[in-house]
Amino acid sequence: MSAKTQFDLQQFLAMRTKTVNVALDKFLPSATTRPATIHKAMRYSLFAGGKRMRPALCLAAAAACGGKEADALPLACAVECIHTYSLIHDDLPAMDDDDFRRGKPTNHKMFGDGIAVLAGDALLTQAFEIAAQAKGWPRYPHQKIILEIARAAGSLQLVAGQVADLEGEGKKLSVDELRYIHERKTSALLCCSVRLGGMSANCTSAQLKALTDFGYHVGLAFQVIDDILDVTQTSEQLGKTAGKDRQAQKATYPAIVGLEKSRKIAENLTARAFAALSRIAGFKGKATPLEALAEFLLKRDK
Ligand code: GRG
C-alpha cells in the first residue's frame with residue numbers, strides 16, 4: 001500500500017469541510033440580515049453540500065509548504081464562494097438551464113432567475129471581501145492575492161471558459177479547442193486554489209511554480225473525469241442532471257476520443273501533477289494530503 005492510500009483522506013476531507021463551513025458561516029451575513037432574500041439565496045447554494053474540493057486543495061497546498069491552516073482558511077473560503085457563484089450562474093436558463101445541483105433544486109428554481117443572478121454576483125463580490133481579510137504575506141501582499149483571484153475568475157479564464165463552452169455547443173470541436181475550454185472553465189480556479197494555499201504559507205517561487213504545474217494538471221484531469229461521470233453515472237449519484245453534455249451537444253473528451261482514451265488522458269494528467277510535486281525536495285512528507293487529493297479526484301465517482 002502506498003503512503004498516499006495509507007493517508008486517511010476521508011477524515012482529512014470531513015475535518016476540512018467542517019472547518020470551511022464554520023468559517024463561511026461566519027464570513028457571510030446571516031440569513032435574516034436585510035435584505036434577507038439575497039442572504040438566504042447565497043447561503044442556500046453555498047451550504048447545499050458541495051464536495052469542497054477547491055478549499056481542500058488550498059488547505060493541502062498550504063500544508064505542503066509548511067503553512068498554517070488558519071492563514072489559508074479565508075482564501076479557501078474565497079475560492080468556494082467564486083466556485084458556487086459560477087455554478088449558480090451556469091445553471092440559469094440562459095446558460096446550461098439545470099434544475100438540480102448539489103442534490104437540490106438549483107438556486108433559480110428556489111428563488112427565481114433575478115435573485116439567482118444577484119446571489120451569484122454577491123458571492124463573487126463576497127470572495128474578494130473575504131480575501132481582503134486574509135493576513136497578507138511578505139512575498140504575497142494583499143495586492144498579489146486579489147490579483148490572483150481576479151485573474152482566475154475574470155474574462156481571460158473562468159468567464160472565458162464559459163463563453164467558449166456556450167459558443168461551442170452543437171459544434172464539432174478539436175481536442176485543442178476542448179482543452180482551451182477545460183483550462184479556463186475548470187483548471188484555472190482549481191489551480192488558483194492550490195496557488196493561494198502556497199501563497200498563504202509564503203512559499204518560494206520554486207514551490208509556487210511546482211504548485212501551479214500540479215494545479216493545472218489536476219484541474220484538467222478533474223474536468224475530463226467530470227465529462228466521463230456525466231456519461232457513466234446517474235443523476236442521483238451526481239446530485240445534478242446526468243447526460244446533460246450529450247443533450248446540449250457539448251464537446252467532451254468521451255464524445256471526441258471515447259471513454260477508454262478519456263480515462264487514460266485523466267491518468268496521464270494526474271501522473272504529471274504528481275511529477276510536479278516530486279520536483280520539490282521541500283515538499284517531502286508534507287505533500288501527502290495534496291497527493292491523496294489528486295488520486296481521489298481521479299478515482300472519484302461523483
Ligand atoms: C458571468 C453570467 C456569468 C456566468 C459565468 C464562469 C461561469 C458562469 C461558469 C463556470 C463554468 C463551470 C460551472 C465549470 C464547471 C466546473 C465544474 C466541473 C464544476 C463542478 O465542480 P464540483 O464537482 O462541484 O467540485 P461541487 O458541487 O461538488 O462543488
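Counting convention: from 1, in listed order, for ligands and their atoms alike.
- In this structure, of Val117, Leu124, Asp90, Leu158, the residue bringing a heavy atom nearest to atom 6 (C) of ligand 1 is Leu158.
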Worked check of ring-ring contact (aromatic ring centres under 6.0 Å, His included) between His182 and Tyr253: CA-CA 10 Å; His182 284 193; Tyr253 273 92; 5.3 Å; yes
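- Below 30°, between 30° and 60°, or above 60°: for Phe111 and Tyr44 the angle between ring planes is above 60°, a perpendicular geometry.
- For atom 27 (O) of ligand 1, the nearest non-hydrogen atom of the protein is Arg102 NE, 2.8 Å.
- For atom 16 (C) of ligand 1, the nearest non-hydrogen atom of the protein is Thr186 OG1, 3.7 Å.
- Residue Ser86 has no nitrogen or oxygen atom sitting less than 3.5 Å from a nitrogen or oxygen atom of ligand 1, judged on distance alone.
- For Arg246, the CZ atom is loosely surrounded, since the number of other residues' heavy atoms within 6.0 Å does not exceed 12.
- Considering backbone and side-chain atoms alike, Arg101 places every N or O at 3.5 Å or more from each N or O of ligand 1.
- Residue Arg54 holds the heavy atom nearest to atom 17 (C) of ligand 1 of all those in Lys185, Met53, Arg54, Lys240.
- Looking from atom 3 (C) of ligand 1 to the surrounding protein, the closest heavy atom is His89 ND1, 3.5 Å.
- A cation-pi arrangement is absent between Arg272 and Phe214 under the rule of less than 6.0 angstrom and at most 45 degrees off the ring axis.
- No side-chain heavy atom of Gln133 sits under 4.5 Å from any side-chain heavy atom of Pro74.
- Residue Met95 touches ligand 1 through its side chain alone, judged by heavy-atom distances below 4.0 Å.
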